[in-house]
Amino acid sequence: MTALPAQPFDFPFELAHCALVIIDMQRDFVEPGGFGESLGNDVSPLQAIVPTCAAVLATWRAAGGCVVHTREGHRPDLSDCPPAKLLRGQPSLRIGDQGPMGRVLVIGEPGHAIVPALAPAPGELVIDKPGKGAFYGTPLQAELQQRGIRQLVLMGVTTEVCVQTTMREANDRGYDCLLVEDATDSYFPAFKTATLAMITAQGGIVGWVAPAAAVLDALVQDAQIHDAPVDSAVVPVAKIPG
Ligand code: C5J
(Lines give C-alpha, C1' and ligand atoms only; values in the text may rest on other atoms or scores of the structure.)
Protein backbone atom coordinates (compact mmCIF):
# COMPACT_ATOMS: atom_id res chain seq x y z
CA MET A 1 0.00 0.00 0.00
CA THR A 2 1.24 3.49 -0.86
CA ALA A 3 0.00 6.56 1.03
CA LEU A 4 -0.95 8.95 -1.79
CA PRO A 5 -1.05 12.53 -0.46
CA ALA A 6 -4.61 13.75 -1.03
CA GLN A 7 -7.47 15.74 0.48
CA PRO A 8 -8.95 15.29 3.02
CA PHE A 9 -6.20 12.78 4.01
CA ASP A 10 -3.83 10.25 2.41
CA PHE A 11 -5.40 7.79 -0.04
CA PRO A 12 -4.32 4.16 0.59
CA PHE A 13 -3.32 3.41 -3.02
CA GLU A 14 -2.92 -0.19 -4.25
CA LEU A 15 -2.50 -0.41 -8.00
CA ALA A 16 -3.39 -4.12 -8.08
CA HIS A 17 -6.89 -3.29 -6.82
CA CYS A 18 -7.34 0.12 -8.44
CA ALA A 19 -8.76 1.09 -11.84
CA LEU A 20 -8.11 4.34 -13.69
CA VAL A 21 -11.55 5.48 -14.92
CA ILE A 22 -11.52 8.13 -17.65
CA ILE A 23 -14.94 9.68 -17.99
CA ASP A 24 -16.37 10.80 -21.35
CA MET A 25 -13.29 12.40 -22.93
CA GLN A 26 -15.28 12.36 -26.16
CA ARG A 27 -15.05 14.71 -29.11
CA ASP A 28 -18.71 15.69 -28.52
CA PHE A 29 -17.81 17.21 -25.15
CA VAL A 30 -14.22 18.34 -25.69
CA GLU A 31 -13.95 19.58 -29.28
CA PRO A 32 -15.51 22.61 -30.98
CA GLY A 33 -18.56 21.65 -33.04
CA GLY A 34 -19.77 18.97 -30.63
CA PHE A 35 -22.70 18.62 -28.26
CA GLY A 36 -21.02 20.61 -25.47
CA GLU A 37 -20.51 23.62 -27.68
CA SER A 38 -24.05 23.31 -29.11
CA LEU A 39 -25.31 23.89 -25.56
CA GLY A 40 -23.51 27.24 -25.59
CA ASN A 41 -20.38 26.17 -23.71
CA ASP A 42 -16.73 27.13 -24.19
CA VAL A 43 -14.92 23.81 -24.62
CA SER A 44 -11.37 25.18 -24.21
CA PRO A 45 -11.05 24.39 -20.45
CA LEU A 46 -11.93 20.77 -21.24
CA GLN A 47 -9.39 20.61 -24.06
CA ALA A 48 -6.73 21.96 -21.69
CA ILE A 49 -6.79 18.86 -19.45
CA VAL A 50 -6.04 16.41 -22.28
CA PRO A 51 -2.22 16.49 -21.82
CA THR A 52 -2.52 15.87 -18.07
CA CYS A 53 -4.95 12.98 -18.64
CA ALA A 54 -2.55 11.58 -21.26
CA ALA A 55 0.42 11.76 -18.85
CA VAL A 56 -1.46 9.83 -16.14
CA LEU A 57 -2.80 7.33 -18.67
CA ALA A 58 0.67 6.66 -20.15
CA THR A 59 2.18 6.00 -16.72
CA TRP A 60 -0.77 3.89 -15.56
CA ARG A 61 -0.41 1.75 -18.68
CA ALA A 62 3.34 1.43 -18.18
CA ALA A 63 2.68 0.22 -14.62
CA GLY A 64 0.23 -2.40 -15.93
CA GLY A 65 -2.86 -1.00 -14.17
CA CYS A 66 -6.50 -1.57 -15.13
CA VAL A 67 -7.86 1.18 -17.40
CA VAL A 68 -11.55 1.95 -18.02
CA HIS A 69 -12.83 4.48 -20.56
CA THR A 70 -16.46 5.60 -20.54
CA ARG A 71 -18.49 7.16 -23.34
CA GLU A 72 -21.88 8.78 -22.96
CA GLY A 73 -24.11 8.00 -25.91
CA HIS A 74 -27.16 6.32 -27.31
CA ARG A 75 -28.22 3.69 -29.80
CA PRO A 76 -28.94 5.05 -33.30
CA ASP A 77 -32.71 4.59 -32.74
CA LEU A 78 -32.40 6.51 -29.41
CA SER A 79 -34.42 3.77 -27.68
CA ASP A 80 -32.11 4.10 -24.65
CA CYS A 81 -32.51 7.89 -24.41
CA PRO A 82 -35.30 8.93 -22.04
CA PRO A 83 -37.57 11.62 -23.58
CA ALA A 84 -36.75 13.91 -20.64
CA LYS A 85 -33.06 13.80 -21.59
CA LEU A 86 -33.78 14.26 -25.28
CA LEU A 87 -36.08 17.24 -24.84
CA ARG A 88 -34.50 19.10 -21.92
CA GLY A 89 -32.84 22.49 -22.57
CA GLN A 90 -32.75 24.48 -25.75
CA PRO A 91 -29.60 23.31 -27.51
CA SER A 92 -28.99 24.26 -31.12
CA LEU A 93 -28.38 20.53 -31.64
CA ARG A 94 -30.32 17.79 -29.86
CA ILE A 95 -29.10 14.25 -29.14
CA GLY A 96 -29.47 12.34 -32.44
CA ASP A 97 -29.40 15.45 -34.65
CA GLN A 98 -26.88 15.69 -37.45
CA GLY A 99 -23.98 17.97 -36.43
CA PRO A 100 -20.48 18.73 -37.71
CA MET A 101 -19.21 15.48 -36.14
CA GLY A 102 -22.10 13.22 -37.15
CA ARG A 103 -25.23 12.51 -35.11
CA VAL A 104 -24.84 14.06 -31.65
CA LEU A 105 -24.05 11.57 -28.85
CA VAL A 106 -24.91 8.55 -31.00
CA ILE A 107 -22.76 5.43 -30.67
CA GLY A 108 -20.42 4.97 -33.62
CA GLU A 109 -20.56 8.58 -34.83
CA PRO A 110 -17.28 10.59 -35.03
CA GLY A 111 -18.32 12.91 -32.18
CA HIS A 112 -18.99 9.95 -29.88
CA ALA A 113 -15.35 8.85 -30.14
CA ILE A 114 -12.77 9.49 -27.44
CA VAL A 115 -10.27 12.21 -28.39
CA PRO A 116 -7.28 10.69 -30.23
CA ALA A 117 -4.72 11.54 -27.49
CA LEU A 118 -6.66 9.33 -25.03
CA ALA A 119 -7.85 6.62 -27.41
CA PRO A 120 -8.39 3.25 -25.70
CA ALA A 121 -5.63 0.66 -26.18
CA PRO A 122 -6.40 -2.99 -26.95
CA GLY A 123 -7.53 -4.81 -23.82
CA GLU A 124 -8.76 -1.70 -22.00
CA LEU A 125 -12.38 -1.62 -20.91
CA VAL A 126 -14.68 0.72 -22.85
CA ILE A 127 -18.05 1.29 -21.15
CA ASP A 128 -20.85 2.82 -23.20
CA LYS A 129 -23.33 4.47 -20.88
CA PRO A 130 -26.75 5.99 -21.60
CA GLY A 131 -26.77 8.06 -18.42
CA LYS A 132 -24.50 10.36 -16.48
CA GLY A 133 -23.23 7.70 -14.08
CA ALA A 134 -21.03 4.90 -15.46
CA PHE A 135 -22.76 2.18 -13.40
CA TYR A 136 -26.35 2.83 -14.55
CA GLY A 137 -27.33 0.51 -17.42
CA THR A 138 -23.79 -0.82 -17.94
CA PRO A 139 -21.71 -3.92 -17.04
CA LEU A 140 -19.13 -1.81 -15.15
CA GLN A 141 -19.80 -3.25 -11.68
CA ALA A 142 -19.44 -6.86 -12.90
CA GLU A 143 -16.28 -6.03 -14.87
CA LEU A 144 -14.63 -4.36 -11.87
CA GLN A 145 -15.60 -7.18 -9.51
CA GLN A 146 -14.16 -9.75 -11.93
CA ARG A 147 -10.82 -7.92 -11.81
CA GLY A 148 -10.75 -7.55 -8.00
CA ILE A 149 -10.98 -3.76 -8.21
CA ARG A 150 -11.79 -1.95 -4.94
CA GLN A 151 -10.54 1.58 -5.68
CA LEU A 152 -11.07 4.01 -8.55
CA VAL A 153 -8.92 6.93 -9.66
CA LEU A 154 -11.09 9.18 -11.83
CA MET A 155 -10.35 11.77 -14.51
CA GLY A 156 -12.45 13.31 -17.29
CA VAL A 157 -15.46 15.51 -17.90
CA THR A 158 -17.53 17.14 -16.75
CA THR A 159 -16.58 17.38 -13.11
CA GLU A 160 -20.01 18.09 -11.66
CA VAL A 161 -22.06 15.96 -14.06
CA CYS A 162 -20.74 12.59 -15.27
CA VAL A 163 -17.61 12.51 -13.11
CA GLN A 164 -19.36 13.33 -9.85
CA THR A 165 -22.36 11.11 -10.64
CA THR A 166 -20.05 8.16 -11.33
CA MET A 167 -18.08 8.85 -8.18
CA ARG A 168 -21.24 8.87 -6.08
CA GLU A 169 -22.51 5.67 -7.71
CA ALA A 170 -19.14 4.03 -7.02
CA ASN A 171 -19.10 5.29 -3.44
CA ASP A 172 -22.49 3.68 -2.79
CA ARG A 173 -21.12 0.40 -4.19
CA GLY A 174 -18.21 0.43 -1.74
CA TYR A 175 -15.34 1.70 -3.91
CA ASP A 176 -12.78 4.16 -2.55
CA CYS A 177 -12.61 6.93 -5.15
CA LEU A 178 -10.01 9.60 -5.86
CA LEU A 179 -10.56 12.41 -8.35
CA VAL A 180 -7.49 13.84 -10.12
CA GLU A 181 -8.17 17.55 -9.70
CA ASP A 182 -6.12 18.82 -12.65
CA ALA A 183 -7.34 16.05 -14.97
CA THR A 184 -11.02 16.98 -14.74
CA ASP A 185 -12.91 20.10 -15.74
CA SER A 186 -16.26 21.72 -16.23
CA TYR A 187 -17.77 24.28 -18.59
CA PHE A 188 -18.45 26.20 -15.35
CA PRO A 189 -15.34 26.90 -13.22
CA ALA A 190 -17.42 27.53 -10.11
CA PHE A 191 -19.09 24.12 -10.45
CA LYS A 192 -15.70 22.38 -10.56
CA THR A 193 -14.56 24.22 -7.43
CA ALA A 194 -17.80 23.37 -5.64
CA THR A 195 -17.61 19.71 -6.65
CA LEU A 196 -14.07 19.28 -5.33
CA ALA A 197 -15.19 20.84 -2.05
CA MET A 198 -18.30 18.61 -1.88
CA ILE A 199 -16.31 15.44 -2.46
CA THR A 200 -13.82 16.07 0.31
CA ALA A 201 -16.18 17.67 2.85
CA GLN A 202 -17.18 15.84 6.02
CA GLY A 203 -14.06 13.67 6.05
CA GLY A 204 -14.29 12.67 2.39
CA ILE A 205 -17.99 11.95 2.15
CA VAL A 206 -17.64 11.05 -1.54
CA GLY A 207 -13.90 10.40 -1.64
CA TRP A 208 -10.50 11.96 -2.15
CA VAL A 209 -8.98 14.64 -4.41
CA ALA A 210 -5.30 14.90 -5.44
CA PRO A 211 -3.20 16.43 -8.23
CA ALA A 212 -1.87 14.30 -11.10
CA ALA A 213 1.72 14.66 -9.85
CA ALA A 214 0.77 12.87 -6.62
CA VAL A 215 -0.84 10.02 -8.60
CA LEU A 216 2.27 9.68 -10.77
CA ASP A 217 4.52 9.58 -7.70
CA ALA A 218 2.31 6.90 -6.14
CA LEU A 219 2.55 4.79 -9.30
CA VAL A 220 6.36 4.88 -9.08
CA GLN A 221 6.29 4.02 -5.38
CA ASP A 222 3.82 1.16 -5.93
CA ALA A 223 6.09 -0.26 -8.64
CA GLN A 224 9.10 -0.04 -6.29
CA ILE A 225 7.21 -1.88 -3.52
CA HIS A 226 6.38 -4.66 -5.98
CA ASP A 227 9.87 -4.67 -7.48
CA ALA A 228 8.49 -3.78 -10.91
CA PRO A 229 9.94 -0.34 -11.63
CA VAL A 230 7.93 1.73 -14.06
CA ASP A 231 10.12 2.80 -17.00
CA SER A 232 11.32 6.23 -15.86
CA ALA A 233 11.23 7.42 -19.48
CA VAL A 234 7.47 7.00 -19.40
CA VAL A 235 6.95 8.70 -16.03
CA PRO A 236 6.83 12.46 -16.48
CA VAL A 237 6.51 13.10 -12.73
CA ALA A 238 6.25 16.84 -12.07
CA LYS A 239 6.51 17.48 -15.81
CA ILE A 240 2.85 17.60 -16.56
CA PRO A 241 2.02 20.10 -19.29
CA GLY A 242 -0.06 23.12 -18.48
C1 C5J B 1 -22.75 16.03 -19.68
C2 C5J B 1 -20.87 14.66 -19.11
N3 C5J B 1 -22.25 17.11 -19.08
N4 C5J B 1 -20.05 13.75 -19.62
N5 C5J B 1 -22.04 14.89 -19.78
O6 C5J B 1 -23.86 16.09 -20.19
O7 C5J B 1 -20.61 15.26 -18.09
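Note that ligands are numbered from 1 as they come in the structure, with each ligand's atoms numbered from 1 the same way. As a basis for the values below, the full set of heavy atoms in this structure was taken, side chains included, without hydrogen atoms, waters or symmetry mates.
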- [ ] Answer side chain, backbone, both or neither: which part of T158 comes under 4.0 Å from ligand 1, heavy atoms only.
- [x] both

- [ ] With heavy atoms under 4.0 Å as the rule, classify the contact between V163 and ligand 1 as side chain, backbone, both or neither.
- [x] neither

Open item on the list: Any nitrogen or oxygen of I23 lying under 3.5 Å from a nitrogen or oxygen in ligand 1? Just yes or no.
Closed with: no

Quick one: nearest non-hydrogen protein atom to [atom], plus distance?
atom                   : answer
atom 6 (O) of ligand 1 : K132 NZ, 3.0 Å
atom 4 (N) of ligand 1 : D24 OD2, 2.8 Å
atom 5 (N) of ligand 1 : E72 OE1, 2.9 Å
atom 2 (C) of ligand 1 : C162 SG, 2.8 Å

Open item on the list: Do L57 and L118 have side chains that approach each other closer than 4.5 Å (heavy atoms only, starting at C-beta)?
Closed with: yes

Open item on the list: Taking atom CZ as the centre, does R147 end up with more than 12 heavy-atom neighbours from other residues, nucleotides or ligands that are less than 6.0 angstrom away?
Closed with: yes

Open item on the list: Can you tell me if F9 has over 12 outside heavy atoms packed within less than 6.0 Å of its CZ?
Closed with: yes

Open item on the list: Taking the basic N atoms (NZ, or NE/NH1/NH2) and the acidic carboxylate oxygens, is any pair closer than 4.0 Å for R173 and E169?
Closed with: no

Task: Carboxylate-amine/guanidinium contact K192 E181, below 4.0 Å - done: no

TODO: Check ligand 1 against V157 and write out every atom of the ligand that is under 4.0 Å from a heavy-atom position of the residue.
DONE: 2 (C), 4 (N), 7 (O)

Open item on the list: Using a 4.0 Å cutoff against the non-hydrogen atoms of V161, which atoms of ligand 1 qualify?
Closed with: 1 (C), 3 (N), 7 (O)

Task: Identified side chain to side chain donor-acceptor pair (under 3.5 Å) counterpart of K129 within the set T138, D24, T165 - done: D24

Open item on the list: Pair E160, S186 - check side chain to side chain donor-acceptor pair (under 3.5 Å), show working.
Closed with: CA-CA 7 Å; E160 79 282 10; S186 167; 2.9 Å; yes

